[in-house]
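Quick notes on the structure that follows.
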Amino acid sequence: MPTYARFRKPFPSDLARTALAVLWLAVAAPALTAPAPASAGLLDTVLSGGDEATLGAQEHPKILAQFGGAVKDARLQGYVAELGRKLASTTARARDPWTFTVLDSDVVNAFALPGGYVYVTRGLLALAKDEAEVAGVLAHEIGHVTARHSAQRQTRQTLAGLLAAGVGVVFGSDTLAQIAGLGGTAVVAGYSREQELEADQLGVDTLRRTGYDPFAMATFLETLRRDGQYQGLRAGGKGEGGFDFFASHPQTEDRVRRAADLARAMPQGGGRPREPYLAAVDGMIYGDSPENGYVRDRTFAHPQLGIAFTVPKGYALLNGAEQVIAKGANGTAMAFDGGSAAGVSDPAAFLSDVWGKGATLGNLQRITIGGMPAATATTRGEAEGESADIRLVAIRAPDGRMYRFTFLAPAGSLARFDADFQAAANSFHRLTAEEAARYRPRRIQVATVRPGDGVAGFVRRMPQEPYAEELFRIINDLPPGTPLEPGRQVKVIVGE
């Protein structure tokens, strides 16, 4: 039997055993039923401490795969891990093992799994003003763990059936997540208002005990709100459709006010150190990393592999270590990956005999995309009472790799969205050497404001960023119209 290995990290030939293959398993059988791992049922009741640790350890590598892996910067990882352990040491679970990881993703998010696994992305770290705000984020997630919010979930599936934490963030829709065979958003994206408020309370208490300004959580929530407005501005003023922190941590004005009220009720003061934080993020990649390829607006390009494609207007791209996923409006989504298909060179045979084996495929066609042989077909899937129309596209590159697109639309709506799906697939092409050379990582550079320096001068160093002044002010917590003070250190995004 030919095997298929992804272009970034090979997955096991027994795909049913890995949650990272769930989306592709969704089209490998007539029904989009989620796998039933051996630990099924663990979350039907409150987990014991041992079960939590086992489950967290089981899902940790899947989180890494979905969110670009761990950042390779040992200094940055060490900084966050040390800060996290410092915060956790003041809680009721101080003696428990804790694992703090910076994910190599520009998506603005943070979340936690049972067993003390806490994650924060590069994208979120770039927005903080100081160490206290980073501590506030970690303290909030530590609060979710100590309150056992994930372990209290009443669900018929384990985390493995949910593709770890990525589902709600990636798809932003319970229905679409179910359609994709990935379960619901129960682990990360479905925290109740009460649980969020409890985590805020616990987090503010932790900030106070650790000597940080308890207002740091409220100020960072305000920065996240401003970043949401900025992302909406970049998206044409719509303010929706992307991937962000509030997809998994619902924002309400009441919650923001409450975070500030909690801080006011505590003894005033507390540290807001900036130097350790700025030293840690100086040189940190901003945006995508070379290992995972680059998302630039609606285009994904991977210079090392020499490939690129563009999604239609209205789709937001999320770049992971194993897949590139795009979320569209009206319940549509797509996923892209690629790898070697040993023994199969014909895309049509690969689609029917390997990838879609066992599925009822319709309209199987041999086509050409970017001068490369390709094939496409349609099928239908169903899970939890929800159905989806699915278009599959397989493309064989000259180096023998097989690349594939999966497009999902609510049942009965394929005709409405199929032109967009086919346009995305048809945009797939090989990068020329000149095109590949244009893609370089951007990085955060810390600079000191000198007498006479103004915002405009720093903004001119960021010509590659849309609405650069707005972004510069957000990442430096500089309100509109506020001038710079000499001697202050600021973050500038440089490169490309």
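By convention here, the first residue in the shown sequence is residue 1.
- Inter-residue side-chain proximity for N292 and S105 is flagged as unmet; no heavy-atom pair is nearer than 4.5 Å.
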Subject >> Candidate pair I390 and T406, rule side-chain contact (heavy atoms from CB on, under 4.5 Å), full reasoning >> reply: CA-CA 7 Å; I390 303 169; T406 298; 4.0 Å; yes
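- Electrostatic pairing of R85 and E82 does not count as a salt bridge here, judged by no charged N lying under 4.0 Å from a carboxylate O.
- Taking all atoms of both residues into account, the shortest heavy-atom contact from A216 to L207 is CB-CD1, 4.3 Å.
- Side-chain contact between F220 and H140 is absent, with no heavy atoms from C-beta onward closer than 4.5 Å.
- Each of V108, L127, L124 was checked for a side-chain contact (heavy atoms from CB on, under 4.5 Å) with T223, and the lone residue meeting it is L127.
- Evaluation of the side-chain hydrogen bond (donor to acceptor under 3.5 Å, both in side chains) rule for N476 yields no partner, not counting sequence neighbours.
- The aromatic rings of F300 and H302 stand perpendicular to each other, their planes meeting at an angle above 60°, with 30° marking the opposite boundary.
- Across all non-hydrogen atoms, the minimal contact from A374 to I395 is CB-CG1, 3.9 Å.
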**OP:** Apply side-chain contact (heavy atoms from CB on, under 4.5 Å) to the pair R226 and D477, showing each step before the final yes or no.
**Re:** CA-CA 10 Å; R226 291 177 63 192; D477 191 34; 4.0 Å; yes
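- Looking at heavy atoms from C-beta onward, V118 lies out of side-chain contact with V80 at the 4.5 angstrom threshold.
- Side-chain contact between R430 and P398 is present, with heavy atoms from C-beta onward closer than 4.5 Å.
- Interatomic distance, CD of Q445 versus CE of M462, reported as 11.5 Å (0.5 Å rounding).
- Going from atom OG1 of T210 over to atom CG of L83 covers 8.5 Å, rounded to the nearest 0.5 Å.
- Taking the six-membered ring wherever Trp is involved, the centroid distance between the rings of F405 and F309 falls below 6.0 Å.
- In this structure, the side chains of P273 and Y212 come closer than 4.5 Å at one or more pairs of heavy atoms.
- D73 and Q77 form no side-chain donor-acceptor contact under 3.5 Å, judged by distance and modelled atom types alone.
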**OP:** Apply side-chain contact (heavy atoms from CB on, under 4.5 Å) to Y403 and I369, showing your working.
**Re:** CA-CA 11 Å; Y403 294 96; I369 293 178; over 6 Å; no
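- Note that CD1 of I63 and CZ of F111 are 4.5 Å apart. Values are rounded to the nearest 0.5 Å.
- Inspection of the H144 and E196 side chains reveals an N or O donor paired with an N or O acceptor under 3.5 Å.
- Here R272 pairs with D130, E133, D213 under the salt bridge (charged side-chain N to carboxylate O under 4.0 Å, His left out) rule; sequence neighbours left out.
- Within the model, atoms NE2 of H429 and OG1 of T310 stand 7.0 Å from one another, a figure rounded to the nearest 0.5 Å.
- Without hydrogens or angle criteria, R93 side chain to V145 main chain gives a donor-acceptor distance under 3.5 Å.
- Residues forming a salt bridge (charged side-chain N to carboxylate O under 4.0 Å, His left out) with D104 (at least two apart in sequence, or on another chain): R122.
- Side chains of F472 and E465 form no contact here, defined as non-hydrogen atoms less than 4.5 Å apart.
- Using a 4.5 Å heavy-atom threshold, the side chains of I493 and I475 count as touching.
- Within the 4.5 Å cutoff, side-chain heavy atoms of T206 are placed close to those of R209.
- Of all non-hydrogen atoms in I142 and A88, the two that sit nearest each other are CD1-N, 3.9 Å.
- Nearest heavy-atom pair, V311 versus A326, reported as atom, atom and distance to 0.1 Å: CG1-CB, 4.1 Å.
- Counting all heavy atoms, side chain and backbone alike, G56 lies closest to Y117 at C-CE1, 3.5 Å.
- With F407 as the partner, the ring-ring contact (aromatic ring centres under 6.0 Å, His included) test is satisfied by one option alone out of F336, Y315, F421: F421.
- With a 6.0 Å radius and a threshold of 12 heavy atoms from other residues, nucleotides or ligands, Q229 has its CD atom above the threshold.
- Rounded to the nearest 0.5 Å, atoms OH (Y294) and CG (L317) are 16.0 Å apart.
- When every heavy atom of Y230 is checked against every heavy atom of P466, the shortest pair comes out as OH-O, 2.8 Å.
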**OP:** Dump the intermediate steps for salt bridge (Lys or Arg N to Asp or Glu O under 4.0 Å) on E222 and R225, then the final yes or no.
**Re:** CA-CA 5 Å; E222 173 61 19; R225 184 192 66 80; 2.5 Å; yes
**OP:** Show your working on side-chain contact (heavy atoms from CB on, under 4.5 Å) between Y277 and V134 and close with a plain yes or no.
**Re:** CA-CA 8 Å; Y277 160 74; V134 178; 3.8 Å; yes
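- Atoms CZ and CD1, from F428 and I307 in turn, are 4.5 Å apart once rounded to the nearest 0.5 Å.
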